[in-house]
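In this text, all values refer to a predicted model and were calculated from it rather than measured experimentally. Letters A, B, ... mirror the listed sequences (proteins, then strands); counts begin at 1.
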There are 2 protein chains.
Amino acid sequence: MKKGEATRSRIVGEAARQAAVRGLSGVSLGDLAEVVGLSKSGLFKHFDSKQDMHRAVVEAVLDRFRAAIWLPAQALPPGRARVEEVFRRWMHWGETEWVESGCPVMAISVELDDQPGDLRDYLQKGLKAFRQNVVDELRLLRDPPLSEAEAQAAYFQMKSFILGHSDSRRMMGDLDAERSANAAFEALLERTSCASA
Amino acid sequence: MKKGEATRSRIVGEAARQAAVRGLSGVSLGDLAEVVGLSKSGLFKHFDSKQDMHRAVVEAVLDRFRAAIWLPAQALPPGRARVEEVFRRWMHWGETEWVESGCPVMAISVELDDQPGDLRDYLQKGLKAFRQNVVDELRLLRDPPLSEAEAQAAYFQMKSFILGHSDSRRMMGDLDAERSANAAFEALLERTSCASA
DNA sequence: TAGAAAAGAGCACGACCGGTCGCTAATCTC
DNA sequence: GAGATTAGCGACCGGTCGTGCTCTTTTCTA
């Protein structure tokens, strides 16, 4: 069972690309099939329904997110180095791998955040795991370690700057967005790592 | 011409509500007509096309955004008081007037940011005007006033915290989101207003 | 290499999509 | 209150949506 898996992942990849632009619900199976070079009915040998495909897309996007951002950072020494790597990779991910659409995790989050259900829960679970990883790393910014609450506050700001960067860059066309985000993040690290215990 | 305008604004209001949830392109004219209590063809006496309705929705949302956030803050003394009011109102707007969907400006921004065209440009223009207003106010945080660049950096962070709050609250279900955002914002104001010239 | 299993094509379906037309009825203007 | 304007309806159009069904071809396995 080799060919099938390859085709399936081609479909999911293209679906993710389109979903990042038009939203999950904006992906038409007809369009998708055509781009991938299949008939519409051929798609259904790989998915039971459109919802089933949505699930596959979310899974794939989360996997790629982890692979592009969290995993490479683990090769670095714990603490600040890893956190900076995560931030840099996170910010760049949307601009290099998803040029036309921006970060798909963001797009799908905004789409699903007001649509309760299994898929939303699954995405939330994945994002929470990622957050906890980063929070654990953030605690190491200081010696003695930051409290859980302090690290969560830092994560909140870190994530906010990523979101802010995306809005500035994509919606507002601000060419300085990256510099603004980096400056804000570096200042955050300074404050956080020097704060008294 | 009274009745027509009233109906039109009812339509636009409902369309905005639905667009904040499903996205502009996710609003079906059939559904919309039914909820408003019209026939589908009746809708077309008020709009030339779906695109025309999108434009009306974006206009209305920007108007309500300004009316709910910027205008009331102008009643306060310039500088910090206004800025704090804007932040508080901005954060609450999505949770009070748009309970089921979150802030529509955010939703529509994310939807349009990768779809170049008139509508996107119009939205961008409105948001830039709002930003400039807030930036001007932010400069007054310090005496002597902050530079334009410093104020823009502060605005970047301020906006980021609003976005972060929305993500935390709506996607991650974080009940402490508001406190995190407020704390981050107040610290930002402290840093900014005390920075040496 | 034969045969099972998977991949995919072709077609048709019912529902719904945005949109038009002509008609009636309500509303506004003078 | 007469007449013009406009709001709104119902029927309908061509197209596309997601999703079945059957049938053929390719691919994997023993």
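- L32(A) places its CG atom 13 Å from the P atom of dG8(C), with the value rounded to the nearest Å.
- With the nearest nucleotide of DNA chain D identified for both D31(A) and T7(B), T7(B) has the one nearer the 5' end.
- Between the P atom of dT20(C) and the CG atom of D52(B) lies a distance of 12 Å, rounded to the nearest Å.
- Checked for salt-bridge contact, R170(B) and D167(B) miss the test: no charged N lies under 4.0 Å from a carboxylate O.
- A donor N or O paired with an acceptor N or O is not found under 3.5 Å between the base of dG8(D) and the side-chain atoms of S39(B).
- Distances shorter than 4.0 Å separate some side-chain N or O of H46(B) from OP1 or OP2 on dG8(D).
- Q51(A) CD: 12 or fewer foreign heavy atoms inside a 6.0 Å radius.
- With respect to R142(A) and E150(A), a salt bridge is recorded, a charged nitrogen being found less than 4.0 Å from a carboxylate O.
- One atom, CG of L38(A), and another, P of dT25(D), lie 17 Å apart when rounded to the nearest Å.
- Distance CZ (F44(B)) to P (dC9(D)): 14 Å, rounded to an integer number of Å.
- Around the CD atom of Q115(B), the shell of radius 6.0 Å holds more than 12 heavy atoms that belong to other residues, nucleotides or ligands.
- In this pair, F130(A) and W90(A) present their aromatic rings perpendicular. The plane angle is above 60°, beyond the 30 to 60° band.
- Nucleic acid contact for S41(B): base, since at least one base atom lies under 4.0 Å from a heavy atom of the residue.
- When the P atom of dA7(D) is taken as reference, atom CZ of F47(B) falls 11 Å away, rounded to whole Å.
- Within residues 9-24 of chain B, no residue approaches DNA chain D, by heavy-atom distance under 4.0 Å.
- Protein atom CG of L29(B) is 4 Å distant from nucleotide atom P of dG18(C), rounded to whole Å.
- For K45(B), no side-chain nitrogen or oxygen approaches OP1 or OP2 of dC9(D) to under 4.0 Å.
- Distances shown here put every side-chain N or O of K40(B) at or beyond 4.0 Å from the OP1 or OP2 atom of dG8(D).
- The number of heavy-atom neighbours closer than 6.0 Å to CD of Q74(A), taken from other residues, nucleotides and ligands shown, is above 12.
- Using a 4.0 Å heavy-atom distance criterion, V36(B) is classed as making no nucleic acid contact.
- K50(B) comes within 4.0 angstrom of sugar-phosphate atoms only, judged by non-hydrogen atoms across all strands, and of no base.
- R8(A) has its CZ atom 13 Å from the P atom of dG8(C), to the nearest Å.
- K3(A) has its NZ atom 12 Å from the C1' atom of dC28(D), to the nearest Å.
- In terms of heavy-atom proximity, E148(B) sits nearest to V135(B) at OE2-CG1, 3.8 Å.
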